[in-house]
Visitor: 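Dropping a structure here in structure tokens format, bear with me for questions.
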Amino acid sequence: MAGMFIDVKVDAAAARQPELVKKLVEVCPVGIFAQAEGGALRIVEENLDECVLCELCIAAAPQGTVRVVKLYEE
Ligand code: SF4
């Protein structure tokens with residue numbers, strides 16, 4: 001699932017790391033990341049289009065594990 005304008009893709013292994021997920025939840029100013037029970041990542045679909053492209057999530061994660069995709073440029 002994606003927003004209309006933005007999709008956020010997180011590497012499957014990274015999405016299961018509770019510490020990394022916690023960091024993503026903290027850095028995103030518009031609440032796109034949430035932590036599900038058990039610690040895994042849950043993307044908050046209804047917030048995807050609020051993304052301000054700040055790239056804080058990309059900076060917080062190991063290189064290449066988080067990608068913010070602009071659907072309107074594809
Ligand atoms: S780029 Fe910024 S607003 Fe968009 S998902 Fe990442 S942290 Fe959230």
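Just follow the structure's listing: the first ligand is 1, and inside any ligand the first atom is 1.
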Visitor: Tell me the nearest of Cys51, Cys54, Cys57 to atom 6 (Fe) of ligand 1, using heavy-atom distances.
Guide: Cys57
Visitor: Applying the 4.5 Å side-chain criterion to the ILVMFWY set and letting contacts propagate, would Val68 and Ile43 be lumped into a single cluster?
Guide: yes
Visitor: Treating Asp49 as the side-chain partner and Gly3 as the backbone partner, does any N or O pair qualify as donor plus acceptor under 3.5 Å?
Guide: no
Visitor: Please say which of Val8, Val27, Val21 ends up in a side chain to side chain contact (heavy atoms under 4.5 Å, CB included) with Phe33.
Guide: Val8
Visitor: Can you sort out which atoms of ligand 1 are near Ile32, meaning under 4.0 Å from one of its heavy atoms?
Guide: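 The list of qualifying atoms is 5 (S).
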Visitor: Only heavy atoms of Val30, strictly under 4.0 Å: list the atoms of ligand 1 that pass.
Guide: 3 (S)
Visitor: Could you list the atoms of ligand 1 found under 4.0 angstrom from a heavy atom of Cys28?
Guide: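 Checking each atom against Cys28, I get 3 (S), 5 (S), 7 (S), 8 (Fe).
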Visitor: Cluster question for you: counting only ILVMFWY and a side-chain heavy-atom cut-off of under 4.5 Å, with indirect links fine, are Phe5 and Leu48 together?
Guide: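 Linked within one cluster.
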Visitor: Are side-chain heavy atoms of Asn47 and Val30 found at a separation under 4.5 Å?
Guide: no
Visitor: Tell me which protein heavy atom sits closest to atom 3 (S) of ligand 1, plus the residue, atom name and distance to 0.1 Å.
Guide: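 Result: Val52 N, 3.4 Å.
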Visitor: Quick one: does ligand 1 sit under 4.0 Å from the side chain of Leu53, the backbone, both or neither, non-hydrogen atoms only?
Guide: backbone
Visitor: Just by distance, do the side chain of Glu50 and the backbone of Ile32 share a donor-acceptor pair under 3.5 Å?
Guide: no
Visitor: Against heavy atoms of Glu55, which atoms of ligand 1 measure under 4.0 Å?
Guide: 1 (S), 2 (Fe)
